[in-house]
Amino acid sequence: MGSHAKAWLVEDETASEMLERVQTERPFLLLPPLHRVPIRVGNVVELVGPSSSSKTHILIQAAITCILPKQWNGVSYGGLGHSAMFIDLDCRFDISRFSELLNHRIMEAGSSSNVDCHKMDSEDQFAGMKHYNEELFALCMKRFLYIRCYDSSEFLATLKTLHYRIRKEREAHGLNVHLLLIDSIGAFHWLDRGSSSFPPEGDNRKSWHLQNVSEAVVQEIRRLLLVHPMLVMATKAVVLGNNYSTNELTRNYGKWPAADNPYSRNVTSSDRQLPYREYMPAVWQSFVTHRTLVRATDDDLVNEERPNNSVYLLEWLMPPVNSLEKFTVTDTGVFILS
Amino acid sequence: MAPLKNLETEYPIIDSSFRNFCASHGIFSVEDFLIHDLYMLAAFAEQNNSSERLKEGITQVLSIIDDMHQPWLNGMELLEDAKRNKHVLPTGIQGIDLLLGGGIHIGQLTELVGPSSSGKTQVCLQTASNVASTHMVLYLDTGNSFSPERIAYFLGKTNDLASAQAENQILQKVMSNILCHSVFDIFAMFDVLHQLESHLRYQDGGGCQMRLLIVDSISSLISPVLGSNSTQGRALMLSAGYLLKKLAHQHNLAVLVINHTVGSEGGSSKPALGDGWKSIPHSRLFLSCVHGSNDYNVLILKHPSKASGTAARFVI
């Protein structure tokens, strides 16, 4: 009995061992433009912004960073080498665009590492290089898992069986899913709000209503994170109030007033701190650990290297960071401007 | 959603005692399962004296749920499908095809927005006549704007044929490949689209495939149900959007819809379907006519791969 108690008291690991273990198991992820705040597996990051404010693009770049290897054939790609899952609720994902962007990242890493070995210009080596790139491309693409959902019941069915899916992935390819991307979380909000709940047959029957659906979604993701530590990134489309102009309206027309949209009047004194009207139920709001607001700016970046790219602004709402990130999105990734 | 009762014939494990257990937790259908905590349910089953059978039943329902979502695909499988099925359909209008990199995308929803007489219907008719020489086209017409004469005119312009007989043959073929339906409210559109869905699902893949669906115009169907504060209206609008996107993706259709503009304060104009609809289409093109000429302007407001703000001119 005495030895039993003693064994229980013996430390499992020292603090430094623990720190090392946590940092390898749950490393900080640097995903520009979200680099200002340390983010790690287990967090739930919400990207809030109006339509065409590069939200989906940020998700795609994060997915590419996740599926690229850290190093491959002596070339450093700076990726994580894990799987990424993309749940598409907007049903607008374009795989050709995704593969183009992945190819750009692979080529860029390859060419920048060639600077020190100029002898690469022989044709054999070039062909070999191309072959390597294609092999790496296929490897990465297989780490990207995609599903689209056309309504909330499909979304819930996906989440409820996701645990099995992730386990299958690990058994088949020995890969862990590190990133769960949801584009966009509020997509079915108005569908569920409009759905008439059927008359309850039993006293304790839950009706198919927005509140219950959101609770079930949060509960499933929370469960999942306990078993499979992942970083969750979700976009949320919002309509900004009139003090913010949106890219599309002002840049192209300058005349379309944002003032008469039916939601601007909701931005009243009670929620003045938010530049948009919050519509997601509180259960989701309290589940989110990090929140940023992205929006397009009116100025175009006229630059020799990156001509005609739109410039976006990112603002941290949670935790509040007192600085605006200015960034642009190109074929080879997200670039911070200031 | 089917009540659990109906599942017993196919899955004997979902018997009356399992259903009673579920009913005591307020579960009567598979849909109820979706919003219930199945771990809690399994924990309750554990306390029951026939726990093994109950847990087996829960596992069975989970595997039914697993069939309720779309399949998971990896990037390579997606790319393969895109390369095989998701091409671009040329509109036959040079300016637009050049701007969009070949035409409108199969599997995607493309929206044309613009004031009246900015060429929206003309672009639809020209695209229909161009696609119909090889594929079927469904044209949903909400305002009697479909014009076979215009189609014939476009065909005569593009096909410079010597014999009148050959010209007539092509005209016959194109006309029989375009199905035009008049729909005057959103429910009629749902009817037609659901019919189309079941038709496309059971067609054997032979013969002339449908590749283009045109809704001229989506805004005149949706605007009437959008009240100032109507959640029902918004729900209908989103359902329509998701149904169109589902058809586009699963049956490899390019979907082309027209959105009008309405006047707003200050004498300017804005799209009739505004912020709530904006997240639905993949691409949004703004059309306008150039004063004092027969030219039109097209401007990309949104596109998955082209920069927004680029513009081109075209003639019809």
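A, B, ... follow the sequence lines: proteins, then strands. Residue 1 opens every chain.
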Asker: Please classify the contact of B:Q70 with chain A as side chain, backbone, both or neither, using a heavy-atom distance under 4.5 Å.
Answerer: both
Asker: Shorter than 4.5 Å, heavy atoms on both sides: which option in A:L101, A:T161, A:L102, A:D94 has the most such pairs with chain B?
Answerer: A:T161
Asker: Would a distance-only check, ignoring hydrogens and angles, find a side-chain to backbone donor-acceptor pair under 3.5 Å from B:H87 to B:R84?
Answerer: yes
Asker: For the pair B:F18 and B:F21, name the ring-plane relationship: parallel under 30°, tilted 30 to 60°, perpendicular over 60°.
Answerer: tilted
Asker: Do B:P281 and B:V257 make a side-chain contact, defined as non-hydrogen atoms from C-beta onward lying under 4.5 Å apart?
Answerer: no
Asker: Side chain, backbone, both or neither: which part of A:R148 has a non-hydrogen atom closer than 4.5 Å to chain B?
Answerer: both
Asker: Which heavy atom in B:I106 sits nearest to a heavy atom in B:N85, and how many Å separate them?
Answerer: CG2-O, 3.6 Å
Asker: Report yes if some heavy atom in the side chain of B:L244 is under 4.5 Å from a heavy atom in the side chain of B:I280; otherwise report no.
Answerer: no
Asker: Is A:A237 close to chain B through its backbone or its side chain, or both, or neither, when contacts mean heavy atoms under 4.5 Å?
Answerer: neither
Asker: Looking at B:D37, B:D81, B:L243, which one has more heavy-atom pairs under 4.5 Å with chain A than the rest?
Answerer: B:D37
Asker: With a 4.5 angstrom heavy-atom cut-off, is it the side chain or the backbone of A:I60 that approaches chain B, or both, or neither?
Answerer: neither
Asker: Which pair of heavy atoms, one from B:K306 and one from B:G101, lies closest together, and at what distance?
Answerer: CE-N, 3.9 Å
Asker: Measure A:R143 against the heavy atoms of chain B and call it side chain, backbone, both or neither at under 4.5 Å.
Answerer: neither
Asker: For A:F98, is it the side chain, the backbone, both, or neither that has a heavy atom closer than 4.5 Å to a heavy atom of chain B?
Answerer: neither
Asker: Drop me the distance from B:S118's OG to B:F286's CZ, to the nearest 0.5 angstrom.
Answerer: 7.0 Å
Asker: Among A:T56, A:N212, A:D90, which residue has the highest count of heavy-atom pairs closer than 4.5 Å to chain B?
Answerer: A:D90
Asker: Go through the atoms of A:A157 and report whether side chain, backbone, both or neither lie under 4.5 Å from a heavy atom of chain B.
Answerer: both
Asker: Counting heavy-atom pairs closer than 4.5 Å to chain B, which one of A:V217, A:L89, A:I87 comes out on top?
Answerer: A:L89
Asker: Does any heavy atom of chain B fall under 4.5 Å from the side chain of A:T158, the backbone, both, or neither of them?
Answerer: both
Asker: Between B:Y242 and A:Y150, what is the ring plane arrangement, given parallel below 30°, perpendicular above 60°, and tilted in between?
Answerer: perpendicular
Asker: For the candidates B:L62, B:L79, B:I65, which exhibits the highest count of non-hydrogen atom pairs separated by less than 4.5 Å from chain A?
Answerer: B:L79
Asker: With chain B, which of A:F137, A:Y146, A:F86, A:F93 has the greatest number of heavy-atom pairs at distances under 4.5 Å?
Answerer: A:Y146
Asker: Flag the one option from A:E100, A:R92, A:M141 with the top tally of heavy-atom pairs under 4.5 Å to chain B.
Answerer: A:R92
Asker: Answer yes if the side chains of B:H69 and B:D66 hold a donor-acceptor pair under 3.5 Å, and no otherwise.
Answerer: yes
Asker: Between B:H105 and B:S283, do the side chains contain a donor N or O and an acceptor N or O under 3.5 Å apart?
Answerer: no
Asker: Chain B heavy atoms under 4.5 Å from A:I67: which part of the residue, side chain, backbone, both or neither?
Answerer: neither
